[in-house]
Engineer: 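Let me give you the structure first, and then I'll get to my questions.
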Number of protein chains: 2
Amino acid sequence: MENFITQCKKYNLRITPQRTAVYKALMEDKTHPTADAVYQNVKKDCPNISLDTVNRTLISFSEFGIIDTVMCSGQGKKYDPNSKPHHHLKCVKCGKISDFYHQKYDSLKVPSEVEEEFTVLNKKVVLTVVCKKCNKKG
Amino acid sequence: MENFITQCKKYNLRITPQRTAVYKALMEDKTHPTADAVYQNVKKDCPNISLDTVNRTLISFSEFGIIDTVMCSGQGKKYDPNSKPHHHLKCVKCGKISDFYHQKYDSLKVPSEVEEEFTVLNKKVVLTVVCKKCNKKG
DNA sequence: TGACAAATAGGAGTTAATCCTATATAGTAT
DNA sequence: ATACTATATAGGATTAACTCCTATTTGTCA
């Protein structure tokens, strides 16, 4: 949670109870929730929070690289709160996105042309796949 | 276009004028269009096509790995028709997604644990960034 | 050429995301 | 502490994105 305060100060985001609750919910979330799923979770702590606030908070967190956004075929937007170095498997059939860990990928070097032009917040390898379950189905 | 026919036969997709038009529009598209942008383009060739058909076609193409789906903070779903090996830069501020090419990334080996469990259709490195323009703004 | 499953258009319906405005509140300076 | 100001919020209204439904059409294969 100190990390949350540090990040907010860095980006001039006020530390409100709503933002704190959203952050806390994300840190506890091991899935890749939709905005609505986050909303449902946060409401337990903070019953009066509005969906709009959750959406705005998620967008601002993602603009500062605190969380990542992901998407798969035929599915809505999802957020990825996992801050450890990790990589993604996206199943194009069921839309499930899973994290996987692979040290070799963690140490990828960003090309210097990119580093000169862009501030890199996050890097990951994304594998577009068909999972075992969906493979069986046809 | 022979490739289109091959792919359709492989996946039991009927070769309809609508599907052909969508495919053609995608192949000519060097951006990362939204479903609606694709719809607007296809209408030039195929004025009576419905948005629903475009959407269904995009989803089925993405389910077979013919195209990829991408997403950035605060933006809608986008499709990526670039079939050459390439990688992505996502600017979290303006939502722009750009392709970049880097041979070292192309030759990444998929971990054997993954290859045993999943059929890998596509692999790419995704760098979450802030672009030069957005960096200047704040 | 006929039969049938698959695909389509178009509209209706649903869900997700955004905008609007009045009110409340965090941070800062006093 | 207190007052001030810009930021953030709730809640409803609006818009946009997406999906579903049904009657009709059309590829494909025998």
Side-chain angles (χ1 to χ4, degrees), chain A residues 1 4-23 25 32-43 45-64 66-67 69-79 94-95 138, chain B residues 1 4-23 25 32-43 45-64 66-67 69-79 94-95 138:
Chain A
M1 265 341 250
F4 169 65
I5 295 171
T6 315
Q7 303 251 39
C8 283
K9 296 212 164 150
K10 185 170 168 191
Y11 299 115
N12 285 316
L13 296 176
R14 291 188 175 171
I15 298 165
T16 65
Q18 292 87 343
R19 232 169 234 157
T20 310
V22 171
Y23 187 86
H32 300 106
T34 61
D36 195 64
V38 176
Y39 176 55
Q40 299 304 332
N41 280 329
V42 174
K43 270 207 292 195
D45 263 1
C46 196
N48 287 337
I49 199 169
S50 71
L51 177 58
D52 193 32
T53 298
V54 173
N55 263 311
R56 275 183 293 101
T57 305
L58 291 170
I59 291 173
S60 62
F61 283 175
S62 66
E63 286 191 347
F64 293 117
I66 298 170
I67 57 173
T69 53
V70 282
M71 166 103 259
C72 206
S73 48
Q75 305 261 325
K77 196 196 300 194
K78 293 171 187 175
Y79 293 91
C94 63
Chain B
M1 265 340 250
F4 169 65
I5 295 172
T6 316
Q7 302 251 39
C8 283
K9 296 212 164 151
K10 186 170 167 193
Y11 299 115
N12 285 318
L13 297 177
R14 291 185 175 172
I15 298 163
T16 65
Q18 292 87 342
R19 230 169 234 158
T20 310
V22 171
Y23 187 86
H32 300 108
T34 61
D36 195 64
V38 176
Y39 176 56
Q40 299 304 332
N41 280 330
V42 174
K43 270 207 291 195
D45 264 2
C46 197
N48 286 336
I49 199 169
S50 70
L51 177 59
D52 193 33
T53 298
V54 174
N55 262 311
R56 274 184 292 101
T57 305
L58 291 170
I59 290 172
S60 62
F61 283 175
S62 67
E63 286 191 346
F64 292 117
I66 298 171
I67 58 174
T69 52
V70 280
M71 166 102 257
C72 206
S73 47
Q75 305 260 325
K77 195 196 303 194
K78 294 171 185 174
Y79 292 92
C94 61

Engineer: When the distance from CG of B:Asn48 to C1' of C:dA7 is rounded to whole Å, what number comes out?
Structural biologist: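 Taking atom C1' of C:dA7 as the reference, CG of B:Asn48 is at 15 Å.
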Engineer: Taking only the side-chain nitrogens and oxygens of B:Thr53, find out if one of them lies under 4.0 Å from OP1 or OP2 of C:dA7.
Structural biologist: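 Looking at the OP1 and OP2 atoms of C:dA7, neither is under 4.0 Å from any side-chain N or O of B:Thr53.
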Engineer: Examine C:dA9: is either OP1 or OP2 under 4.0 Å from a nitrogen or oxygen in the side chain of B:Gln18? Give yes or no.
Structural biologist: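 Yes.
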Engineer: Between OG of B:Ser50 and CG of B:Asn55, what distance do you get to the nearest 0.5 Å?
Structural biologist: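 With rounding to 0.5 Å, OG (B:Ser50) is 9.0 Å from CG (B:Asn55).
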Engineer: Please give, in whole Å, the distance from C:dA17 P to A:Lys78 NZ?
Structural biologist: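 My rounded result for the distance is 12 Å.
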Engineer: Classify the nucleic acid contact of A:Pro17 as base, sugar-phosphate or nothing, counting any heavy atom under 4.0 Å across all strands shown.
Structural biologist: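 The residue A:Pro17 makes sugar-phosphate contact but no base contact.
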Engineer: Kindly give the heavy-atom pair with the smallest separation between A:Thr34 and A:Tyr79, and that separation in Å.
Structural biologist: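 Distance-wise, the nearest heavy atoms are C-CD1, 4.5 Å.
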Engineer: Rounded to the Å, how far apart are B:Ile59 CD1 and D:dC20 C1'?
Structural biologist: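 To the nearest whole Å, that distance equals 12 Å.
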Engineer: Taking atom P of C:dT15 as reference, at what distance in whole Å does atom CG of A:Leu51 sit?
Structural biologist: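 A:Leu51 atom CG is separated from C:dT15 atom P by 14 Å.
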Engineer: Students often get this wrong, so: under 4.0 angstrom with heavy atoms, is A:Arg19 touching a base, only sugar-phosphate, or nothing?
Structural biologist: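 Since only primed, P, OP1 and OP2 atoms lie under 4.0 Å of A:Arg19, the category is sugar-phosphate.
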Engineer: Quick one: which of D:dT19, C:dT8, D:dT28 gets closest to the side chain of B:Asp52?
Structural biologist: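 Nucleotide nearest to B:Asp52's side chain: D:dT19.
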Engineer: Strictly below 4.0 Å: does B:Arg14 bring a side-chain N or O up to OP1 or OP2 of D:dT26?
Structural biologist: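 For B:Arg14, the contact criterion (side-chain N or O under 4.0 Å from OP1 or OP2 of D:dT26) is not met.
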Engineer: If only side-chain N and O atoms of B:Arg56 are considered, is one of them under 4.0 Å from the OP1 or OP2 phosphate oxygen of D:dT19?
Structural biologist: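 For D:dT19, OP1/OP2 do not have a side-chain N/O of B:Arg56 under 4.0 Å.
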Engineer: Mark yes or no for whether B:Arg19, through its side chain, and B:Thr57, through its backbone, hold a donor-acceptor pair below 3.5 Å.
Structural biologist: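 Side chain of B:Arg19 to backbone of B:Thr57: no pair is present.
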Engineer: Would one find a side-chain N or O of B:Thr16 under 4.0 angstrom from OP1 or OP2 of C:dA6?
Structural biologist: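 False: B:Thr16 side-chain N/O out of range (4.0 Å or more) of C:dA6 OP1/OP2.
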Engineer: Measure from CG on B:Asp36 to P on D:dC18 and round the result to the nearest Å.
Structural biologist: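 Taking atom P of D:dC18 as the reference, CG of B:Asp36 is at 9 Å.
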Engineer: Please report the distance, rounded to the nearest Å, between CD1 in A:Ile15 and C1' in D:dT9.
Structural biologist: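 That distance rounds to 17 Å.
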Engineer: Distance check needed: D:dG12 P versus A:Ile49 CD1, whole Å only.
Structural biologist: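 Going from A:Ile49 (CD1) to D:dG12 (P), I get 16 Å.
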Engineer: Using whole Å, what does the distance between atom P of nucleotide C:dA26 and atom NZ of A:Lys9 come to?
Structural biologist: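 It is 14 Å, rounded to the nearest whole Å.
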Engineer: Describe, in one word, how the ring planes of B:Phe61 and B:Phe4 are oriented to each other, choosing from parallel (under 30°), tilted (30 to 60°) and perpendicular (over 60°).
Structural biologist: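 Plane angle over 60°, so perpendicular.
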Engineer: Among B:Ile67, B:Thr53, B:Val42, B:Asn41, which residue satisfies the side-chain contact (heavy atoms from CB on, under 4.5 Å) criterion with B:Val22?
Structural biologist: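 The passing option is B:Val42.
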